[in-house]
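Report on one structure; see the data block that follows.
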Amino acid sequence: MAETEASRSRDLDKLLLRRGNLVGPRFEPGTELRDDLQTYARVLVVGAGGLGCELLKDLALSGFRNLDVIDMDRIEVTNLNRQFLFRLEDVGKPKAEVAAKRVMERISGANIVPHFCRIEDKEIDFYNDFNIIALGLDSLEARSYINNVACSFLEYDSDDNPREETIKPMVDGGTEGFKGHARVILPGITPCFECTIWLFPPQVKFPLCTLAETPRTAAHCIEYAHLIKWNEVHGGTAFDPDNPKHMKWVYDEAVKRAELFGIPGVTYSLTQGVVKNIIPAIASTNAIISAACALETLKIATECSKTMSNYLTYNGSEGLHTKVAEFERDKDCLVCGPGVLIELDPSITLQKFMDLLEEHPKLRLSKASVTHQGKNLYMQAPPVLEEMTRPNLSLPVFDLMGKLSKDVVHVNGMTSKNDQKVSCLRKLRLVFKGVDGVTDMDTAGGA
Amino acid sequence: MAEPTVKYDRQLRIWGDQGQAALEKSSICLLNCGPTGSETLKNLVLGGVGSITVVDGSKVEVGDLGNNFMVDEASLGQSKAKCVCSFLQELNDAVKAKFVEEYPETLIETNPSFFSQFTLVVATQLVENSMIKLDRICREANVMLVFARSYGLTGFVRISLKEHTVIESKPDHFLDDLRLNNPWPELKRFAEDFDLNVQDPVAHKHIPYVVILVKMADEWAKSHGGRLPSTREEKKEFKELLKAGMVAPDEDNYKEAIDASFKVFAPKGISSDLQQILNDSSAEVDSSSSDFWVLVAALKEFIANEGGGEVPLEGSIPDMTSSTEQYVNLQNIYQAKAEADFLVMERLVRSTLKKIGSDPNRIPRATIKSFCKNARKLKVCRYRQIEDEFNSPNIPELQKFLTDEDYSLAVGIYILVRAVDRFVANYNSFPGQFDSAMDEDIPRLKSTAISLLNDLGCNGATLAEDLINEMCRFGAAELHAVAALVGGIASQEVIKLITRQFVPMSGTFIFNGIDHKSQLLSL
Ligand SMILES: [Zn+2]
């Protein structure tokens, strides 16, 4: 058995069993490293689409055995040009389940647990069970969600240095046509998704008046049918992009409008593309980006080589360009940053606390609204909420926060930047003086 | 069987029906089906190439199960080519999948004519000697060739063919062809019908920016001896004039005009890239010239005569603030000019063909039309013969890479992979292939690399010791993730070559999986 296993990892062994020169500081080559990787390392693959299928294969052939995969989608015919774990007869089945089954069929020893559900359906703690999270997603919202979850595990020490054992590494890939990116996110060390949110510019939408009054392009005609005409005619029925009858109706209406205005170019394919915001996707780019992510996952787990620092872009449309950029963390990031540390006396009222924020040299924050764990402690607007939360102003913050010795609050308010008033959201770490011991004793007593 | 237009929808949006048809007509040969080869082919089979032929003489071993998804336990002891081929067939029943159980080296030596049946050969994990021979064979037979190799955490991809010409290069960002610096009479006349001082505010904010700029440029030229703004001050002044023309702060058409004013300042005529293509000796055509070069010869005539220094107009305009009617009218002005230019070009192409004694209808209208539309974006890629590069690389470039920090790892990988092949020729094993020989292999690889550098004419050049050690550590390992990446890039390049769309890479792509600072080296 041991003999067989050893020769099965013939190639990987060169990397994991031999000393290296260009490796991470804690690389300890040997059979133990290989066995630990197989036995203990757990990786979650988020998404079982073009990137996810590749990631599962790549990770299962890179020494990882314990993998989970989460995806809420079912297999469609348009997936088959790149999502190589799926066959025509699989159409309609859950992606996560089929993908896990196919990889396990081919790679003995691989143990892949599928989760056919939305990422929001899982408890936060589910995500904490994994050593590394690999993201193969095509949406900004999903990336942002997982990023928030992974960063929520991050804790800082009193010197504002991240506690290493609370860092949940992520690798993230994305593709569009011949282009893609792969990145490594070590919350607290390298920029998180939110730190570099500017890399994902918001999608441009057509002004409604253009659609209604001065259409000029085929896309304008399609969006008119989709966003305006549909509601006029079908009032109560919501438009369903996956319903072929709905799509056909939008197409026919777009054609009529285009003819009316003498605009060329409306096709059924374009209609689908515009309405569903379809991103073109091919097998090769997904393979390239996933492989880069899988390689970095292996490096994070074993330190068997230097790591990519920290954002790789690939563009294969005009020649071939790859570039690694070292992006910097946003020190004030609300998601991965430590927040501004504020020590408070437990008797301080919310009103007094808000006065403090106005005088605080790092904040100078006026007109504050304060939330704690999603609960509104005080809201400036709307008037109903202001009235509801006004009584809290005279209560101690310590009591309002459930008598925790320390926790994070978010504050939304106004501050000055270059002599201009701007609104801003800040993460604050509140520590209450002289209550730390009490809580510890309480816990000890309870246990 | 699934409706192909649905199955391929996401890629048809990239390379269209024509690109897909080219893929479906192609026959691809793969040499060696380890993970690098298997992963390359996987991406091509999914995309729907016509046929694949997998050539590999080896049997599946236990070690293969750890790095290749296309083989499994049931494959042990069987022909690797057969097993990989049957798995690939599962991915797409529209592809004809065949295999040949034979070592590529043997075919190269004994049956060179075997390769002439293919559109393209993907040669993976070949050592230098075989690469050189195969390259000669494929060039002779006009078969496209792509090399791919994974080696530990490194690898390379190299295209080899005499010449690849691209009409549809589809660049990401390319300036639209509005001719605001050189408007033709119909466009000027169209602009004249507009009054920039119109009293109706709705009409004023719907004047297309193209019209605003044509009129303002015309006015400027009249007061500046026929010249357009060229100095920084003049450009600034021109923009101020535009700003002064606004009657309300929310006039998007004027904002667009200010943003696009650089199109007025741009120099007239063609780019230096295109000039280089026109100057190419291949543009002196004869009966053996390809369609592309005949078209270039016609284009040269067009630019010198009817075009007045410009290429045929592309004919499309970007979206801009405008009423529908004016936008459609403007579009028609551009399209009419493009159509007129196309008709001239068609005549020139036919007469050129006649002149060289070829069938005047040899080139279809659709090709000429596409050529006209893309005339500013033509690309010609040429690749050095492997043997030439290996024997006499571009020394100044090589010296530059060796001393440039950004390139040092990549060029080190390039030299060391070649040194590895010399090592094999001398010692009958790869450096670090066996644990027992590690200690002696490291100095041996080092001296092999140094002598290679000397032979290339880089006396005194050194390579990082760390990298030499790492190359020995890799011991010819073919890691799956590296193979998937290198194979992914190889397949991407194959698609560009076959569809004749987009621009294939130039030089040798060196994959650096250590810190991902990969580079292209043109040597
Ligand atoms: Zn952050």
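Below, chain A is the first sequence line, B the second, and so on; all start at residue 1.
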Electrostatic pair [X]:[Y] at N-O distance under 4.0 angstrom:
{"X": "E73(B)", "Y": "R8(A)", "result": "yes"}
{"X": "R10(A)", "Y": "E61(B)", "result": "yes"}
{"X": "K57(A)", "Y": "E39(B)", "result": "yes"}
{"X": "D172(B)", "Y": "K179(A)", "result": "yes"}
{"X": "E54(A)", "Y": "K42(B)", "result": "yes"}

Item to check | Main-chain N/O of R10(B) paired with R82(A) side-chain donor or acceptor, under 3.5 Å | outcome: no
Checklist entry - Just by distance, do the side chain of R216(A) and the backbone of M320(B) share a donor-acceptor pair under 3.5 Å? => result yes
Next on the checklist: Can you classify the ring geometry of W15(B) versus F178(A) as parallel (below 30°), tilted (30 to 60°) or perpendicular (above 60°)?
Outcome noted: tilted
What part of [X] gets closer than 4.5 Å to chain A, counting heavy atoms only: side chain, backbone, both or neither?
{"X": "M438(B)", "answer": "side chain"}
{"X": "L44(B)", "answer": "neither"}
{"X": "F509(B)", "answer": "side chain"}
{"X": "C472(B)", "answer": "backbone"}
{"X": "L520(B)", "answer": "side chain"}
{"X": "D435(B)", "answer": "both"}
{"X": "T40(B)", "answer": "neither"}
{"X": "P504(B)", "answer": "backbone"}
{"X": "S506(B)", "answer": "neither"}
{"X": "Q335(B)", "answer": "neither"}
{"X": "Q331(B)", "answer": "side chain"}
{"X": "Y327(B)", "answer": "side chain"}
{"X": "E470(B)", "answer": "side chain"}
{"X": "L153(B)", "answer": "side chain"}

Measuring heavy-atom distances to chain B, does [X] have an atom under 4.5 Å in its side chain, in its backbone, in both, or in neither?
{"X": "T307(A)", "value": "backbone"}
{"X": "L15(A)", "value": "both"}
{"X": "R18(A)", "value": "both"}
{"X": "I107(A)", "value": "side chain"}
{"X": "T285(A)", "value": "both"}

Item to check | Side-chain heavy-atom pair V328(B), F261(A) within 4.5 angstrom cut-off | outcome: no
Checklist outcome for this item: In short, A484(B) meets D58(A) closest at the heavy-atom pair CB-OD1, 3.9 Å
Checklist outcome for this item: Checked V494(B), D319(B), N332(B), D515(B) vs chain A; the most non-hydrogen pairs under 4.5 Å come from D319(B)
Item to check | Heavy-atom pair count under 4.5 Å with chain A, highest-scoring of K496(B), R13(B), Q11(B), R473(B) | outcome: R473(B)
Distance-only donor-acceptor pairs under 3.5 Å for side chains of residues 271-281 of chain A, two or more places apart:
unit_1, atom_1, unit_2, atom_2, d
T271(A), OG1, T267(A), O, 2.7
N277(A), ND2, Q203(A), OE1, 3.3

Next on the checklist: Within a 6.0 Å radius of atom CG on D17(B), are there more than 12 heavy atoms belonging to other residues, nucleotides or ligands?
Outcome noted: no
Next on the checklist: Side chains of H480(B) and D11(A) only: does a donor on one sit below 3.5 Å from an acceptor on the other?
Outcome noted: no
Item to check | Contact winner vs chain B - E105(A), H220(A), K323(A), E76(A), heavy-atom pairs under 4.5 Å | outcome: H220(A)
Checklist entry - When heavy-atom pairs shorter than 4.5 Å are enumerated against chain B, which of A294(A), A292(A), G177(A) gives the highest number? => result A292(A)
Checklist entry - salt bridge (charged side-chain N to carboxylate O under 4.0 Å, His left out): which pairs involve residues 479-491 of chain B, sequence neighbours left out? => result none
